[in-house]
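See below for the structure under consideration.
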Amino acid sequence: MDAPLPRSFFDRMPEEVAPDLLGCVIERSTPEGVVAVRLTEVEAYAGPHDPASHAYRGPTKRNAVMFGPPGHAYVYFTYGMHFCANLVCLGEGTAAAVLLRAGEIMEGHDLAAARRPRSSPRDLARGPARLCEALAIDRGLYGADVCDPAGPLRVLPGEAAAGLRTGPRTGVTSAKDVPWRFWIDGDPSVSAHRAHTPRRRTVIDQG
DNA sequence: CTTCCGATATACT
DNA sequence: GTATATCGGAAGG
């Protein structure tokens with residue numbers, strides 16, 4: 001059993017941590033068993049100077065853990081139904097993080113498939129909310145220490161990723177030009193890039 | 001493969 | 001009230 005990555009790994013700029021996370025393994029333990037995912041796509045977010053970051057407007061109840069020490073999980077709920085997971089980088093007050101966007105199931109394929117019964121094998125962890133569903137990541141893991149060898153969510157070292165590519169972040173409305181999305185070129189588990197499509201205004205039923 | 005679109009909690013104006 | 005670091009299903013090529 002490998003030891004998780006040390007906290008010092010996360011005590012760096014998010015755009016340095018993000019590419020180094022590609023190829024690493026997220027291991028999630030629950031009473032049902034273990035699911036492990038090899039990361040193939042991530043995005044870096046900085047603190048109050050990054051308009052695309054949840055920390056842009058300062059600390060709130062939701063983003064509080066981003067302002068804390070590195071190596072903890074920032075899990076948030078979005079679009080009324082999905083969870084997404086980040087790993088906090090840098091120290092107190094800096095509020096940087098790396099969003100886990102996609103990966104390939106390395107262990108616990110059957111358990112992941114049971115959690116996502118309508119998903120094709122390729123799509124089990126292809127996308128940030130899908131990855132969270134496959135790994136059973138929800139509010140309960142908010143703030144979890146991913147450097148804890150006995151924790152329920154751990155980040156293990158992996159083989160250095162080959163074929164690294166970068167580009168703009170997905171689905172953000174500001175700082176579109178910042179190339180802080182990192183992925184493994186050609187990997188089938190990398191999520192399709194969708195430009196941000198503003199949702200149509202709520203339709204008001206006028207009769 | 002693509003485009004369209006509804007679901008729906010939470011943060012913010 | 002409006003926007004959102006998304007997804008799955010339907011319909012078309």
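Per chain, numbering begins at 1; letters A, B, ... match sequence-line order. The shown structure was predicted, so the numbers you read here are calculated from the model rather than taken from an experiment.
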key: Cation over ring face, Arg7(A) and Phe9(A), 6.0 Å, 45°   = no

key: Base-pairing string, 5' to 3', of DNA chain C - Watson-Crick or wobble, under 3.5 Å, | interstrand   = ||||.|||||||.

query = Any sub-3.5 Å donor-acceptor pair from Arg116(A)'s side-chain atoms to Leu124(A)'s backbone N or O?
reply = yes

Main-chain N/O of Arg122(A) paired to Arg126(A) side chain as donor or acceptor, under 3.5 Å = no

inquiry  = I'd like to know if Glu32(A) pairs up with Arg115(A) as an ion pair, taking the criterion as any Lys NZ or Arg NE/NH1/NH2 lying under 4.0 Å from an Asp or Glu carboxylate oxygen.
reply    = yes

request  = Find the distance Arg181(A):CZ to dA5(C):C1' and express it as a whole number of Å.
outcome  = 12 Å

task = Report yes or no: do His54(A) and Tyr74(A) form a side-chain donor-acceptor pair below 3.5 Å?
result = yes

query = Taking atom P of dA5(C) as reference, at what distance in whole Å does atom CD1 of Ile137(A) sit?
reply = 19 Å

request  = Rounded to the nearest angstrom, tell me the gap between atom CH2 in Trp180(A) and atom P in dA5(C).
outcome  = 16 Å

Sidechain-backbone polar pair: Asn63(A) side chain, Gly58(A) backbone, donor-acceptor under 3.5 Å = yes

key: Close residues, residues 110-123 of chain A, relative to DNA chain C [heavy-atom separation under 4.0 Å]   = Arg116(A), Arg118(A)

message = For the residue pair Arg169(A) and Tyr45(A), would you count it as a cation-pi contact if the rule is NZ or CZ under 6.0 angstrom from the ring centre and within 45 degrees of the ring axis?
response = yes

message = In whole Å, I'd like the distance from the CG atom of Asp138(A) to the C1' atom of dA9(B).
response = 15 Å

Nearest-angstrom distance from the residue atom OH of Tyr79(A) to C1' of dA9(B) = 13 Å

key: OH on Tyr76(A) to CG on Asp138(A), rounded to 0.5 Å   = 15.0 Å

note = When rounded to the nearest 0.5 Å, the distance separating CZ of Arg139(A) from CG of Leu141(A) is 12.0 Å

key: Backbone N/O of Ala52(A) and side chain of Asp50(A): donor-acceptor pair under 3.5 Å   = yes

query = Rounding to a whole Å, what distance do you find between His82(A):NE2 and dT8(B):C1'?
reply = 9 Å

remark   = Rounded to whole Å, CE of Met81(A) lies from C1' of dA9(B) at a distance of 9 Å

query = To the nearest angstrom, how far is Arg126(A) atom CZ from dG8(C) atom C1'?
reply = 13 Å

request  = Would you say whether Phe77(A) stacks on dA9(B)? The test is a distance between ring centres of less than 5.5 Å and an angle between planes of less than 30°.
outcome  = no

ask   = Are there more than 12 heavy atoms of other residues, nucleotides or ligands under 6.0 Å from atom CZ of Phe77(A)?
value = yes

DNA chain C contacts made by residues 49-62 of chain A, counting heavy atoms under 4.0 Å = Ala52(A), His54(A)

